[in-house]
Each structure stands twice: as structure tokens, then as C-alpha cells.
S.K.: 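This is the structure I have questions about; it appears just below.
Each chain gets a letter, A, B and so on, in the order the sequences are listed, and its residues count up from 1.
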Amino acid sequence: MINFLLLLLGLAAIGTAIYVVGRLIFDIFAMFRDRATRDDGDKAVLWRDVKAIGIVAQVAALLAIVGVGAFLWGNFRDRTDAIGLKLGFDFLDQPAGITIADNPLIAGDSVGTAIVAGFFNTIRIIMVGIPLALILGTLIGIARFSSNWIVRKLATGYVEFFRNIPPLVVIVFVWSAVFLNGFPTAQNAWKPLGEWFILSNNRFAIPSIMGQDNFGVFRWILLAALLLAAGVAYWRTKVFDNTGTPHHRVMWGLGTFFGIGLIAYLILGGPVSMSKPMLDDRGRVFSNGFRIQMPFAAITVALVIYTATHIAEIVRGSIMAVHKGQEEAANALALSTFQRYRFVVLPQAMRVAFPPLISQFLNFSKNSSLAIAIGAAETTNIINNLFGQSQPAPQLILILALLYLTLSLILSAVGNLINRRLQIVGR
Amino acid sequence: MKSASKLLRVLAVLLSFVLVVSACGSDGDDGGSADGGSEDAGSDSGSDDAGSDDSGSDDSGSDDAGSDDAGSDDVELAQGGTLAAVQSAGTLQCGGNDTLPGFGIVDADGAFGGFDIDFCAVIAAGVLGDAAAFEVTPLVAAQRFPTLQSGEIDVLIRNTTWTASRDGAEQANFLHTTFYDGQGFMVRADSGIASLDDVSDASICVLTGTTTLLNLNAVLGDLGIPFTPVEFESNDELNPAFQAGQCEVWTSDASQLAAFAANMDIDTAILPEIISKEPLGPVVADGDTEWAQVVNWAVMATVQAWEWGIDSGNVDSFLSSEDSSILRFLGEPITDGDGNTAVAEVGLGLDPKFAYNIISQVGNYEEIFEANLGPIGLTLAGSPNDLWTNGGLQYVPPFR
């Protein structure tokens, strides 16, 4: 994967260079062709020709960029030559010698494998954290319009407090004050609700679902039920569109899904069961259930708290951007507060909010690198670790940048896709 | 008009030249990746050069006059660079630790102190004649080699272990070992862990970017002891994590464990196993032999003075010593049989009185050790860091 990204970077650089230079040359020829077709009286002297001046400016800019780049590269090469630092990417196949908790990575695995393992941990943080931040941020944003004085002021205080401290401080605070010292050690783990939850400052474990006999069949039936439920919801929407009868599509869909699921569960004789988390007597081995290491929980919670403040501000701003008449119209129709937000205000506000939200999602993904401070083994942590293990720093930094760049580009591409669907289609 | 269009034509030619050059660069990229496998895409001209530096017989250094020439040019360029640069700047840039009690830590006033930091002072005294003429750049473990490679610091003294791959791949030049250490394990006194055998499945706190981490994975992996690593970047976070019980075991150099245990409220125990050799000492970047020698002899002067019993309190009394070796060491004039006096010149490019400056301003090895590591409970007598005449490992070549 890393090799592929490096290849892409190389191709992109070459492509950009060829495009820029090629376009410039094309412009020059176009200018001369243009001048050749004009009469002498009709054309300006060359140094007053706007096109010529533009081309000279472009060439100057290009030469400046190439010059600065060459200077920096020369500096870099002088230094690497002086100390004999190796360039190239062969080191990716060297054994990394590092391991990650709860990860199959072994010490003999290659540097490339270790980096990818760290990258997947970053993706896990993001996949869990961004939806949570969006939900929390939206709720807080709406709460700032609450008619309840306490709710309104609490929301304002929350936003103003967390928005104005650096994310690293939030992370270290949440890690240290809440998770590290707020929870007991694994040896004295807190096991509420009949030991179905195990909470400690080492790991958290919650119940999960475990497959039994006939689980394979059951899975397919659930998938079919999901498709059927979607079909039913679509049908209800159509009925609503045609007749105006209330559609209740969510209820219908859920009813279909769970009805089929329940029948299949009974017929197949219990294909799934709850998996109860276990902890051995020494307080060291967690098994069964769903387990998460404390640093990952801490970074996710801290970033959700931090990012939600920014999302709340965006949501608040976009709600204010919805014309007041819309809200008044909803009130005139006697819609409840929930209905007013759900059907009138939020759909319009989200259209405004979405582009800045994308940039908050990107911030979330980049801020996840701060997890290095609290010992979560994500991309930056692994790469930084490798610096110290005699692996070459310049190449690793390049890879680090490439990985975050890829992540950001994918996130913003998905975001822009959604954004395009949200926008009003102009006629 | 005509001349102007001619000018533009020249410009166009110039531009196409730029295009060709950049295309050549890209061709080089492609060629490199074709030659060296798909891994090399991106910066293959670089890997070619590095390859030729290594093997010397590689014929791929097409753009250089020759790989060997290029190598020696670079060495000549770097030769003498650092010493002159430090002396003209008047300040030694020293990379150190700021979170390790006893070795390198910042006190309440923001001043650096510790065993490693004192050796920064030793080098400053030797090179510049002023033990205060140095600045410490605090570094986390993972950043120390990139910082040294970049030339930001002149010398790295940050409890750094001398290993083959660091000498090789990190382009570091390790000098006289100032502290012989070994990797140990610390647990809470009430944890019920008595030896490495009891550690299986435990969470173990360790710093990223250290040999400690590699040793841990290698040794426990070979022993078949499963464990969960909890990897921190700095002791500032690792220490509270251990004290709060996130991990049951803390592994690091035994001296570091002792240093932190001395400042902890909880009772701790050190396991009997020492799983590695950790020789710690000053490090300089490869490629400047003169500078490496200067730093090395400045550091070794403290051990030599200790061997002779010279310390900061009595150094002046040795200026009139009968022993010509001591006079040579301290840069005092030596009288020969004919009554001529001359100051011995060892040719290191240093003030002949550099050893005197070091001892009088900072002290000898024993003084530095006792002042910094005594308070955290480390003893010098009988340890590997004792003088060779006492059965320890501290032995330096003669000052002749």
C-alpha cells in the first residue's frame, strides 16, 4: 500500500510538472500565433502586450518555485551526503521490531506492515469519532437555541470552554483526569451490571454478539431482511407521495427487519448469543466481548468533545442562516419543536453547514495524530517510534505526510460527493 | 520588434530546456524504479547515490564524477567544520533529555541539570574554555537522531545506547561510554511479581523509539512470554500511567528506573533480571572525525583526572606536580633536561589547558557521578562505572 502511494506521488509530481510546463509553452505559441494574425497597427508592442506580460510573470513564478525547491533539495542532499544517510525505500522490508497491543503484528514483521497496522488504528479512531462528534455537535448546536435558560447557557459554556483550549490539552486532560485516574486498575476492575461490563484504566470491555450454530444462514437472512425493510420503507414513501396517508416508514422498516429477524432466530434455535467479556484472575487477559484499549477510548472521547464544539458553532451558524420565515411557517402549521427542526430547519441548515463540516472532519482526522502523547499506537506513534529504531526519518516523514494526505483527500472526496447531492439542483 | 520576438524565442527554448530537465528527472525516477524494484518509486536518484557510497564498486553514479570521489569530497567538506563552527559561534549546541531525573532534567527555574547535561558542560569547557557556554535542546527519544542528522545540535548526550544499527543506519558516531547501564523491569512492591516469569500477559510501559522497546520485544518474544506493550513518547506521560496502574510493569534502563522510583510515592521493586547491555554516551554525527576526537578526549579527560585523583577542589595544587604526565595533561610547561620549558601540544585543535578548564570548572568523572546520580540512589563503587583500577569498566587511553 505504501509503495503504491509513493508511486502515485511520483506520477502526480511528474504529471504536474509536464502539465505546467506544457501549458506554458502552449500559451507562448498561442500568443505568437495570435500576434502573427494581427496587423501591425492592431497589436501592442511586445512588452506592453498583456499576454506577454502574463507569460513572463508565469515563467518568473515557475523559476522561483523551481529555484527554491532546488535550493532546499540541494541543502537536504548536502546534509545527507555529509553524514552518509541512505535515501530510498528498501527499509520498508526490514523487520520493524515493534509490536502493538491487541494487534497480530509481531516483532519480525516489516516496517511497512507496522506502518499499515498503525494506519488502520487511525482509521478506527476516525470511523468511531467523526459520527459521534457530528451527533454531539448537532445536539449542542441546537441546544444553543433552547428556550430553557440552563440548557442554553450550559451549551454556550461548553462550546466556549472547549473550543478555546488546544486539542492536546483536552486530550491529556481527558486521558489523565478522566480515564487514567478516574478508573480502577485492571486488577481492581469495576464490573457493573452483573459483570457484563469491565471498566479499567487499561482496557474497557463491553458485551458483544457471538455467532453460534447456523450463524452463517442467519447472517444471510438478516441481510435479506434489511433489503426487504428498505423496500417496505420505499413502498411506504410511495404510498405517502400518492395518497398523503402518513408513511411511518421507519416503523414499518424496523418492524419488517426485526420481525423477520425474530422469526429466523427462533427457527434456527438461537444462532447468536451475547458474548460476556471476561478478565482473568490476575487482571491481565481480557477475552470475549468487545474490548478497547484505554488510550484509544481517551483520544476518541477527547477529540469528540473538542471537535463537537466546532461542529456546534457551524450548526448554530447555519440554523441562523435559515430564513426566520421558515421557522414561523413551521410554527404556524403547529409543528412540534422536533418536527420543526427535523423537517423544516435542519434540512435547510445542513445544506449550509456541510462544506465547513467537511473541514472539521479533516481536522478530526489530523488531530488524531496527537494520540502519540497518550500512547495510542496510531500512524504518527508508529512512525515516530520507527525514527528511533534506526529507520530513516526523511522517508518516514514523507510516508507520514502521504498517509494523512490520502486520508484527507478520501474524506473530502466523500464529503464533496454528499455535498453535491445536498445542494439544490439549479434549473 | 524583431529583437523582442527573438528574445521570446530564446525564452521558449529556455523553457523547453526546463521541460527536458524536469522530464529527465522524471525519467530518472522511472528508471530507478524499474531497476531497483517497485519500492524505489519516488526518490531513486537518491538511492542510487547512497548505494554507490556504500559499495564503492557500484557503477550507477552517472551524474557524479565517481562515487568514491563524491564520498571523499563530502568528508573533506565536513572535516574541521564543526569545531571551527562551534568556536566561532561561542556556544555548544547540545541535545539532551529534560524529563529524566539524575541524567537530564529541567529544574523549577527552567535550568537544565544532570549527569548528561554536565558532560555538555565538560565539552563546552574543553572546546570553548567556558563550562556555561552551551545550550541544551530537549529531545524526545524518537527525535534525537533526526535532530543530530540535521546538524541542529553539535553533540547528543541523552542517555543514548550505542548499537551497531545506530552506528550504521543512523550515521551516528558513538564516543566514550559515560555510563554502563542495562535494561531492567520495575513493578509495584505489592504486585506479586517477583521475576520475569510472573510478567506473562501483563501490560508493560515502555518509551517509543528506544532500544528498550526492541529488547523487550526480542527478549520476551524469544522467551515466549506474551505481554501487552503500552508505548509512550515521553516519561512525562509514562510515569503517571505506571503510578495509576495502567501498566503493571515499567521497563527501561535500570538507572532510569532507580531515578524515577526515588521520586515516587508508591513502593516499587526492581526485578532481578537485566536483559541487555546499554552503554550510554555522547554521540556526534558521522563525517567529522576531528570533532568526534575533540568531544571524545574532552569526555575522557574527566576519567583520566579521576584516575590521578585530580578533582575540581585540588586541581590547582597539581599545577606544580612533579609528574610530567600530569603537567602535560593540565597543559603546564614541562622542563626538559636542558632546562628548556615547553607546553606539550597534542594536536587536537584545542587549548592546551582544555583538561584544566574541564576539571576546574566542572570536575572529574567521580564528582559528576556523585553530584547527579548519588541523590537518586546510584552508587559508583563496585558498579561497572567504577574505575578500571577498582574492577570497573572506566578505562581511557593515555594522554600522551
S.K.: Is it the backbone or the side chain of Ile100(A) that comes under 4.5 Å from a heavy atom of chain B, or both, or neither?
M.R.: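 For Ile100(A), the contact with chain B is made by the backbone alone.
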
S.K.: Give the minimum heavy-atom separation between Ala142(B) and Phe387(A), together with the two atoms involved.
M.R.: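 Scanning both residues completely, I find the closest heavy atoms to be O-CB, 3.1 Å.
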
S.K.: Has the side chain of Arg284(A) got a donor or acceptor atom that lies under 3.5 Å from a matching backbone atom of Ser203(B)?
M.R.: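 No; zero donor-acceptor contacts below 3.5 Å.
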
S.K.: What's the shortest heavy-atom distance between Phe232(B) and Ala373(A), and which atoms?
M.R.: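 That would be CD2-O, 4.1 Å.
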
S.K.: Using non-hydrogen atoms only, which part of Ala13(A) is less than 4.5 Å away from chain B: side chain, backbone, both, or neither?
M.R.: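 When you check distances to chain B, no heavy atom of Ala13(A) falls under 4.5 Å.
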
S.K.: Could you verify whether a donor N or O on one side chain and an acceptor N or O on the other, from Asn381(A) and Glu233(B), lie under 3.5 Å apart?
M.R.: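 Not at all, the side chains of Asn381(A) and Glu233(B) share no donor-acceptor pair under 3.5 Å.
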
S.K.: Taking Val230(B), Thr210(B), Thr160(B) one by one, which has the highest count of heavy-atom pairs under 4.5 Å against chain A?
M.R.: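 Highest number of heavy-atom pairs under 4.5 Å: Thr210(B).
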
S.K.: Restricting to non-hydrogen atoms, name the atom on Arg282(A) and the atom on Glu248(B) that form the minimum distance, rounded to 0.1 Å.
M.R.: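 Residues Arg282(A) and Glu248(B), closest heavy atoms: O-OE2, 4.4 Å.
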
S.K.: Asn181(A) side chain to Ala244(B) main-chain N or O, any donor-acceptor pair under 3.5 Å?
M.R.: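 No: the side chain of Asn181(A) does not pair with the backbone of Ala244(B).
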
S.K.: So which part of Ala241(B) gets closer than 4.5 Å to some heavy atom of chain A, the side chain, the backbone, both or neither?
M.R.: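 Contact with chain A involves both backbone and side-chain atoms of Ala241(B).
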
S.K.: Answer with side chain, backbone, both or neither: which region of Gln391(A) has an atom nearer than 4.5 Å to a non-hydrogen atom of chain B?
M.R.: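 Just its backbone gets close to chain B.
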
S.K.: Please rank Ala202(B), Gly221(B), Ala285(B) by heavy-atom pairs under 4.5 Å with chain A and give me the top one.
M.R.: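 Greatest number of close heavy-atom pairs with chain A: Ala202(B).
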
S.K.: If we define contacts as heavy-atom pairs under 4.5 Å, which of Asn103(A), Asn201(A), Asn202(A), Leu9(A) has the most with chain B?
M.R.: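 Heavy-atom pairs under 4.5 Å are most numerous for Asn201(A).
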
S.K.: Can you name the one residue among Ile374(A), Thr185(A), Leu180(A) that meets side chain to side chain contact (heavy atoms under 4.5 Å, CB included) with Gln246(B)?
M.R.: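 In the set Ile374(A), Thr185(A), Leu180(A), the residue that makes a side chain to side chain contact (heavy atoms under 4.5 Å, CB included) with Gln246(B) is Leu180(A).
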
S.K.: When you compare the side chains of Thr228(B) and Arg203(A), does any donor N or O come within less than 3.5 Å of an acceptor on the partner?
M.R.: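 The criterion, which ignores hydrogens and geometry beyond distance, is satisfied for Arg203(A) and Thr228(B).
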
S.K.: What are the two closest non-hydrogen atoms of Pro229(B) and Thr99(A), and how far apart are they?
M.R.: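 Here Pro229(B) and Thr99(A) meet closest at CG-OG1, 3.5 Å.
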
